[in-house]
Structure formats: C-alpha cells, structure tokens
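Here the structure is a predicted model, which means the values were calculated and not measured. In what follows, every chain begins at residue 1, and chains take the letters A, B, ... in the order their sequences are listed.
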Amino acid sequence: MHELGIVFHMIDTLTEVGAENGLTSIARVTLDLGEVTGVVPSYLLDCWRWAADRTELLHGAELDVCQIDAVTVCNDCGRTYATLEHGKVCPHCASDNTELLHGLEIEIREVEGA
Amino acid sequence: MDEIRVIEVKRSVFESNDREADRLRAELRQRGTFLLNLMSSPGSGKTTTLERTIEALSDELRIAVMEADIDSDVDTRRVLAKGVRAIQLHTGGMCHLDAGMTRQGIDELGTDDTDLAFLENVGNLVCPAEFDTGASANAMILSVPEGDDKPLKYPLMFQVCDVVLVNKMDVAPYFDFNLDRLRANVARRNERARVIPISAKTGEGMDDWYEWLREQVRAWQA
C-alpha cells in the first residue's frame with residue numbers, strides 16, 4: 001500500500017510540527033499533492049482516517065488534499081506546458097529536452113491545531 | 001482550551017525520511033560499508049544475480065545481504081546457502097523500505113567487517129523509488145521480457161538509479177527488445193545512469209557488473 005506509507009511519513013512530520021509548536025491536538029491538515037505522484041487521493045484519505053485516529057495528536061483530524069497541477073518546462077524554448085496532456089515532448093517546439101517543474105509535491109501546507 | 005491556531009508548515013512529507021537517510025549514509029561511509037539498494041519488478045532475477053555476484057566476489061569483498069519482502073524467507077535461504085551473512089526484513093504489507101526500516105536492518109545485520117551490503121528491496125518499480133533508503137547507491141534490474149519502454153512508464157525509478165542492469169540478455173532474440181532503444185530511453189530520464197547488459201544465467205556481461213561494484217566500493221572506502 002503506497003498510500004499507507006505516505007500517511008505514516010505524514011504522521012511523523014506532523015508529530016514534529018506539533019512538538020515544535022506546542023500543539024496537543026491538530027484538527028485540520030492541508031496537503032499539497034502533485035498530479036503525477038501516483039498517489040490516489042481517495043485511498044490516501046482512507047489510510048489517513050485509519051492511521052490518524054490511532055494517534056492522540058491527530059485523532060479526528062480532517063485532511064484536505066489540494067491538487068498541484070503537473071507542469072513541464074522546455075529547456076530549449078523556455079516555455080511551460082501541461083504535463084498530463086503533452087507528456088515528455090514540448091508542444092511548442094517538439095523538443096524532448098524537458099523537465100518536470102511541478103507535480104511531484106507531497107507537501108504539508110498548513111495545520112490547524114491547539 | 002487553547003485557541004485554535006493556523007500554522008504554515010510547507011514541509012515535504014519525505015523530509016524526515018530524507019534526513020534519516022542522510023544520517024545513515026554518513027554512518028555507513030564512516031564504517032566503510034557500501035550499501036547498494038537493489039530494486040526491480042518481481043521476477044527480474046534479483047536473487048539469482050545476487051547469488052552469482054556473491055560467488056564471484058566473496059573471496060575479495062566481505063559481503064552481507066538484507067532481503068526485504070512483504071512475507072516469506074525464500075530469498076534469504078537462497079542467499080544464506082552461499083555462505084554470507086543475510087537477514088530477512090518483513091515490511092508487513094508495505095510496498096517499499098524507508099530509511100527507518102533500513103536502519104533497523106543494518107543494526108540487526110551489523111556492519112563490522114562488511115565492505116559490501118546489498119539491500120534487496122521489495123519487487124516494485126513505483127514506491128521504492130520515492131523513499132531514500134540511506135543506501136550509498138541505487139541499482140535496478142530490468143529483465144528483457146519486461147520490455148525496453150519501461151523507462152518511459154516508470155520515470156522516477158530510472159531517475160534515481162546509478163546503474164541499470166539489463167538481465168536475461170540470453171533470451172533477447174525471442175523478444176521484441178531493442179537494447180539501443182532502451183539505452184536511449186534511460187538516457188532521456190537520467191544521463192548519469194550506467195547501463196550494463198547481463199545474463200545472470202549464462203554469465204554474459206557479469207564481469208562488467210563486478211567491475212562496477214569493485215570501483216564503487218573502492219571509491220566509498222577511499
């Protein structure tokens with residue numbers, strides 16, 4: 001289960017964040033999730049519910065998932081384009097000298113807690 | 001009750017794992033143990049390649065092996081039969097190893113008197129690539145029947161690899177597999193990755209692989 005591993009690492013990170021900020025409970029977590037991470041949001045939410053409720057800090061905490069669109073930049077013409085639509089080859093100049101700019105993020109944006 | 005606060009975090013979920021991985025790597029360097037994270041699909045020939053490698057190198061290098069599987073100890077028994085130290089890690093249903101699990105394995109295995117340790121990761125081309133295990137280098141085995149288009153389908157795996165072993169070259173004539181096309185597909189994802197065609201069964205190309213390993217261990221211990 002790919003998503004379960006991600007959730008365990010989220011909980012590790014949130015435990016650190018909680019300790020650093022003197023939080024005893026977290027009610028809401030906002031996650032930025034890149035479009036090409038391969039993580040399935042509905043599976044992630046199921047794993048989150050299961051694992052978060054087993055901790056004191058995150059019991060009942062809501063998880064908001066915000067999708068970050070995948071964007072690729074072309075190193076030859078310098079323009080960007082939607083990765084999912086066009087893949088590796090630049091639709092502007094047909095070069096395959098391209099790099100993913102956004103879309104692999106799995107990043108905790110913010111937490112709400114007390 | 002304390003007031004509810006909103007805290008901006010902006011922290012990657014992989015950050016704590018990456019830190020743990022860097023710590024482990026630094027310790028391994030100090031101890032002079034080169035740890036190779038070996039990844040592949042199920043059935044690509046990881047264990048057979050390991051068996052041949054142990055036979056070829058165990059006179060000159062002190063070798064140890066960690067086998068990671070979701071369940072069973074079939075692979076560990078095969079490796080133990082070759083006379084090296086080996087332990088089995090069970091991931092308990094997880095599809096990959098992370099740095100914390102690798103450290104547990106290393107502590108259990110012990111690295112005193114080990115030049116070269118192999119971590120045989122769970123057979124999977126997706127998740128193992130995302131989690132830095134703390135290994136010194138990453139290797140993957142792609143077998144001929146899997147096809148030369150895999151770098152296009154599993155880009156991250158090929159991006160994190162230092163070496164790609166193309167196994168089962170002995171059966172290449174029976175498959176629509178083009179080695180040049182594979183090399184081009186790998187290079188598109190990762191220009192640094194070394195591609196070594198082998199057959200663990202017939203021994204073809206294995207000397208190049210052994211030489212790559214010797215060089216890596218020498219550089220790590222220098």
Q: Between A/Glu99 and chain B, which part of the residue has a heavy atom less than 4.5 Å away: side chain, backbone, both or neither?
A: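 It is neither, since no heavy atom gets under 4.5 Å.
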Q: Please check if atom CG in B/Asp176 has more than 12 non-hydrogen atoms from other residues, nucleotides or ligands closer than 6.0 Å.
A: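 12 or below, so no.
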Q: Would you compute the distance between atom CG of A/Leu23 and atom CD1 of B/Ile7 and round it to the nearest 0.5 angstrom?
A: 4.0 Å
Q: Which heavy atom of B/Glu3 sits nearest a heavy atom of A/Ala114, and at what distance?
A: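 That closest heavy-atom pairing would be O-CB, 3.7 Å.
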Q: Would you sort out whether B/Glu15 and A/His9 count as a side chain to side chain donor-acceptor pair (under 3.5 Å), showing the intermediate values?
A: CA-CA 9 Å; B/Glu15 200 182 284; A/His9 283 278; over 6 Å; no
Q: Within this structure, what is the CZ-CG distance for the pair B/Arg188 and A/Asp96, rounded to the nearest 0.5 Å?
A: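 If we round to the nearest 0.5 Å, B/Arg188:CZ and A/Asp96:CG are 4.5 Å apart.
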Q: Is A/Val17 close to B/Arg11 at the side-chain level, that is, under 4.5 Å between some pair of heavy atoms?
A: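 They are in side-chain contact.
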Q: Hey, are the side chains of A/Phe8 and B/Val13 touching, using non-hydrogen atoms and a 4.5 Å cut-off?
A: no
Q: Write down the atom of B/Val6, the atom of A/Glu112, and the distance for their closest heavy-atom approach.
A: CG2-CG, 3.4 Å
Q: Does atom CD of B/Glu215 have more than 12 heavy-atom neighbours from other groups under 6.0 Å away?
A: yes
Q: Report the distance from atom CD of A/Glu107 to atom NZ of B/Lys10, rounding to the nearest 0.5 Å.
A: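 These two atoms lie 6.0 Å from each other.
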Q: Sort B/Asn124 into side chain, backbone, both or neither according to what part of it lies under 4.5 angstrom from a heavy atom of chain A.
A: neither
Q: Tell me, with the steps shown, if B/Glu130 and A/Ile6 meet side-chain contact (heavy atoms from CB on, under 4.5 Å).
A: CA-CA 10 Å; B/Glu130 284 182 345; A/Ile6 304 275; 4.0 Å; yes
Q: Go through it in stages, so that I can follow the logic: the residues are A/Glu105 and B/Ser12, the test is side-chain contact (heavy atoms from CB on, under 4.5 Å), and I'd like the CA-CA distance, side-chain angles, deciding distance and then a yes or no.
A: CA-CA 7 Å; A/Glu105 299 84 351; B/Ser12 165; over 6 Å; no
Q: Chain B heavy atoms under 4.5 Å from A/Leu31: which part of the residue, side chain, backbone, both or neither?
A: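 When you check distances to chain B, only side chain atoms of A/Leu31 fall under 4.5 Å.
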Q: Does a sphere of radius 6.0 Å around CD in B/Gln30 hold more than 12 heavy atoms from other residues, nucleotides or ligands, not counting ones at 6.0 Å or beyond?
A: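 Open: at most 12 neighbouring heavy atoms sit under 6.0 Å from CD of B/Gln30.
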